[in-house]
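Have a look at this one before I ask anything.
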Amino acid sequence: MTPQPAPAVAGKLASPGASISVRGLTVTYNNGFTAVQNASFELEPGTICALVGVNGSGKSTVFKAIMGFVRPVAGDIRLCGLPVSEAIKRNVVAYVPQSEDIDWNFPVLVEDVVMMGRYGHMNFLRMASRADHYKVDQALERVGMSDHRLRQIGELSGGQKKRVFLARSLAQEGRIILLDEPFTGVDVKTETAIIALLRELRASGHLMLISTHNLGSVPDFCDQVVLINRTVLAAGPTAEVFTQANLERAFGGVLRHFNLGGAALHSDEDSRRLTVLTDDERPLVIYGDERKVEGPAPANPNSPKRSS
Amino acid sequence: MISELLVPFSYEYMAKAMWVSALVGGVCAFLSAYLMLKGWSLMGDALAHSIVPGVAGAYILGFPFAVGAFFSGILASTAMTFVKQHSRLREDAVIGLVFTSLFALGLLMASIWPTSVSVQTIVLGNILAIPNEDVIQVAVIAAVSLAVLSLKWKDLMVTFFDESHARTIGLNTGALKILFFTLLSACTVAALQTVGACLVIAMVVTPGATAYLLTDRFGRLIVISVALGASTSFAGAYISYFLDGATGGVIVTLQTLLFLAAFFFAPKYGRIASRRRQTAMAEAAP
Ligand SMILES: Nc1ncnc2c1ncn2[C@@H]1O[C@H](COP(=O)(O)OP(=O)(O)OP(=O)(O)O)[C@@H](O)[C@H]1O
Ligand SMILES: [Mg+2]
């Protein structure tokens, strides 16, 4: 499960320069609380980037600022080199919020909701073309919700609702996709399916920024990580940033932390230590100095077999 | 017998009244599809009351009645949007606050500068009694609103369903809301002259509520709602000729009857259908 580098050529073709640039972002809410201070990071096309931090660290705030829903007091945000409002007009970016603030009794069907993702591509009368219908079908298919397309939107489970809004963002065909905690309340099968989908999108040059508390799956599919706690603590390639030291800095005492010494684990010269860091249901497991469980074991005939 | 039933059509003023009522009823029903969903059902009532100071002001200054009503309607809806955006108050509180203030202001104005207009004429409109040029005014307002709504209904739907998504697809949600409330104000004025302030609320709630029980698709909801609103208004004006009664009362009674029918007999959300489903489930279970 090594993160494969994005095929550069495919990326160029699908999206010339899907990029996010956040510089010196400071957001202060109406009550005077500064949720994010002087945050900066840059992301390039063909990337899946995790946004990781404790509750209240400002992840959703960063998303809202990127979408222009909250006005920063300072800083500059560019999407594909464009200012936010311009980027939104050009359908560059799709966003799935942490929770949908909508009336679940609203008389719309699942397929109508996904079709709303296409509105930005339609003429001013919002007449759906055959291509629009096709893209809605595709999006529903990709999240496995085709069978539920004629349900009223409120008649779905929490995880199914999440998948519908993911489908809407796919139908929107933004080169940049922002997902605020797409995996909470979603079963493992769906999570795996979503991750596979994200990899496909990365291969076609999309840029995805995803906030998550599933630390364990971050090294699996994210090639960049932004650690945040009211400001950006560290940002860069997963291998460099997603380290125990950085995570402890980002999470402080909040992280559940199990450290099993080499000697406590097995009686041989394998001195690696097993570290389990968890913020949520999926722990991050650090074995020895390696970041992942899949790290190579030192050549030692007595070394216990890893079960993977 | 049949010729007697056709009598209303032979009077020009009756024919006009029926067609204009149908138009107003249709456009109010269109708006009701949105209002009812947002929990803004009382907005229609609020606007109808908020219009009083505008009307009083128009009489004092010698402007046409509709102009004053229209401007105070817009004032009321922008005031509501403004208070809502800049406070944590819930919508119903904001609506109540704004409309009672404006209504009080209207009563105050009417008592300080006594005018020939009695509040009575505003409260009990009657399409059969209004002068010709007002009929034309009402028809134009309703027709323009209907046209704008038909062009923009999907944008308004997204705005009301999921405002943040509406913004991500580049819609100017603020402008769309103001557009909606402007149309609502205009149509409230139009409905005021046909059915009177008390019953405007029914015109902008009942057809939408009925349609809501009949479908899960917003496009169909609008079609059903408009069909109900227009046909009941047409029939109401027609029947009121024989009853020699207030048009508004007849229209709203018809709409209420249809609502009750849907409430009991609707295929999915009706009482009878859900009762039947429950019994079927109970029987299927061992
Ligand atoms: N509308 C608001 N008004 C005032 N303060 C807010 C508002 N929304 C969020 N905050 C505060 O800003 C901080 C950051 O919130 P944010 O929602 O960005 O956190 P988060 O990282 O997404 O957390 P979580 O993991 O729980 O989703 C929090 O301390 C929160 O209390
Ligand atoms: Mg959040």
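Residue numbering restarts at 1 for every chain, and letters A, B, ... go by the order of the sequence lines. Owing to the predicted nature of the structure, the values given are computational and were not obtained by experimental measurement.
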Quick check: under 4.5 Å, non-hydrogen atoms only, which of residues 103-117 of chain A neighbour chain B?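 If one takes a 4.5 Å heavy-atom cut-off, the residues of residues 103-117 of chain A near chain B are A:Asp103, A:Asn105, A:Phe106, A:Pro107, A:Val108, A:Leu109, A:Glu111, A:Asp112, A:Val113, A:Met116, A:Gly117.
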B:Leu151 versus chain A, heavy atoms under 4.5 Å apart: side chain, backbone, both or neither? both
What's the spacing between A:Leu150 CG and B:Arg217 CZ if we round to 0.5 Å?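 Here the interatomic distance stands at 6.5 Å.
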For chain A, which residues from residues 262-270 of chain B have at least one heavy atom closer than 4.5 Å to it? B:Lys268, B:Tyr269
Just checking A:Phe33: does its CZ atom have more than 12 heavy atoms from other residues, nucleotides or ligands closer to it than 6.0 angstrom?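 Count over threshold, so yes.
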How close do B:Thr168 and A:Ile88 get, heavy atom to heavy atom, and via which atoms? O-CG2, 3.4 Å
Answer with side chain, backbone, both or neither: which region of B:Ser164 has an atom nearer than 4.5 Å to a non-hydrogen atom of chain A?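 Both parts, backbone and side chain.
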Would you indicate whether the side-chain heavy atoms of A:Glu155 and B:Asp216 approach each other to under 4.5 Å?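 B:Asp216 vs A:Glu155: side chains touch.
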Count the heavy atoms of every other residue, nucleotide or ligand shown that sit under 6.0 Å from CD of A:Gln138, and state whether that count exceeds 12.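 It does: A:Gln138 CD has more than 12 such atoms within range.
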Using non-hydrogen atoms and a limit below 4.5 Å, what part of residues 160-168 of chain A faces chain B?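 When heavy atoms of chain B are the reference, residues 160-168 of chain A contributes A:Phe165, A:Arg168 within the under-4.5 Å range.
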Within a reach of under 6.0 Å around CH2 of B:Trp19, are more than 12 heavy atoms found that belong to other residues, nucleotides or ligands?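 Open.
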Does atom CD of A:Glu44 have more than 12 heavy-atom neighbours, drawn from other residues, nucleotides or ligands, at distances under 6.0 Å? no
Are there residues of residues 121-132 of chain A that reach to under 4.5 Å of chain B by heavy atoms, and which ones?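 Answer by number: A:Phe124, A:Leu125, A:Arg126.
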Is any side-chain heavy atom of B:Met157 less than 4.5 Å from a side-chain heavy atom of A:Tyr119?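 With C-beta onward as the side chain, the pair touches.
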Within a radius of less than 6.0 Å around CZ of B:Arg90, do more than 12 heavy atoms belonging to other residues, nucleotides or ligands occur?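 No, CZ of B:Arg90 has 12 or fewer neighbouring heavy atoms, counting only those of other groups under 6.0 Å.
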Quick one: pull up NE2 in B:His165 and OG in A:Ser169 and give me the separation to the nearest 0.5 Å. 9.5 Å
Step by step, would you call A:Phe69 with B:Glu163 a side-chain contact (heavy atoms from CB on, under 4.5 Å)? CA-CA 11 Å; A:Phe69 294 166; B:Glu163 194 173 338; over 6 Å; no
